[in-house]
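First comes the structure, then the notes that go with it.
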Amino acid sequence: MKWLHLPLDGANQALLRSKGALEACKKILPEVKRLLGAGESVLVHCAAGIHRTGVVVYSLHRMFGVPQDLARQALYTCRVQTGKGVGEHRIEIAETLLLPFLLKEREADETTNENADA
């Protein structure tokens, strides 16, 4: 079992938009994606399992190429309270501030893998 800590002391807009929070997410989420891609199980939790958990789970779905609407629906599938409570403003922060970097990394990885196969 591997333990990863994403140091987010809340999920209000100011915190999620902060450089520290974004950098922490950019560091941890690719590692979580790698673990999931290797077939590992991952448990994501926070105090209530709604706001921070919702941002992380949504972002991971998007990093695996899941379209926005299906990633949003996956939150309801995982836990109804998370889907209802994550808040559109947190999804917007993920889409505009976090995912552009993370999706760019995914594209770079895919290009590297394609070049290695050639």
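All figures in this text were calculated on a predicted structure; none of them were measured in a lab.
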Original post:
With hydrophobic residues grouped by side-chain heavy-atom distances under 4.5 Å, do Leu16 and Ile50 end up in a single group?
Top reply: no

**OP:** Any chance you could measure Arg72, atom CZ, to Asp69, atom CG, to the nearest 0.5 Å?
**Re:** 11.0 Å

Subject >> Point-to-point distance, once rounded to the nearest 0.5 Å, from CG of Leu8 to OG of Ser18 >> reply: 8.0 Å

Original post:
So how far is it from Leu15 CG to Leu22 CG, rounded to the nearest 0.5 Å?
Top reply: 9.0 Å

Subject >> Residues, nucleotides or ligands: over 12 heavy atoms within 6.0 Å of Lys84 NZ >> reply: no

Subject >> Considering all heavy atoms, the nearest Pro30-Cys25 contact >> reply: CD-O, 3.8 Å

Subject >> Derivation and outcome, side chain to side chain contact (heavy atoms under 4.5 Å, CB included), residues Thr82 and Tyr58 >> reply: CA-CA 10 Å; Thr82 304; Tyr58 175 85; over 6 Å; no

Subject >> CD1 on Ile93 to CD on Gln13, rounded to 0.5 Å >> reply: 5.0 Å

Original post:
How far does CZ of Phe64 sit from CG of Leu36, to the nearest 0.5 angstrom?
Top reply: 5.0 Å

Original post:
Is the closest side-chain heavy-atom distance between Arg17 and Leu97 below 4.5 Å?
Top reply: yes

Subject >> Same cluster (ILVMFWY, side-chain, under 4.5 Å), Tyr76 and Val55 >> reply: no

Subject >> Among Val80, Thr53, Val86, the one residue meeting side chain to side chain contact (heavy atoms under 4.5 Å, CB included) with Leu75 >> reply: Val86

Subject >> Close side-chain approach of Leu35 and Leu4, heavy atoms under 4.5 Å >> reply: yes

Subject >> Presence of salt bridge, Lys2 and Glu40, under 4.0 angstrom >> reply: no

**OP:** Taking all non-hydrogen atoms of both residues into account, name the closest pair between Val57 and Cys78 and its distance.
**Re:** CG1-SG, 4.2 Å

Original post:
Does Arg79 use its side chain to pair, donor to acceptor, with the backbone of Gly49 at less than 3.5 Å?
Top reply: yes

Subject >> Shortest non-hydrogen contact between Arg90 and Gly85, atoms and distance >> reply: NH1-O, 3.9 Å

Subject >> Atom pair CD (Glu92) and CG (Leu98), whose distance is rounded to the nearest 0.5 Å >> reply: 12.0 Å

Subject >> Taking every non-hydrogen atom, the tightest pair across Ala94 and Pro100 >> reply: O-CD, 4.1 Å

Original post:
Does the side chain of Met63 reach to within under 4.5 Å of the side chain of Leu60, using non-hydrogen atoms?
Top reply: yes

Original post:
Can you name the closest pair of heavy atoms from Arg62 and Ala71 and give their distance?
Top reply: CD-CB, 3.8 Å

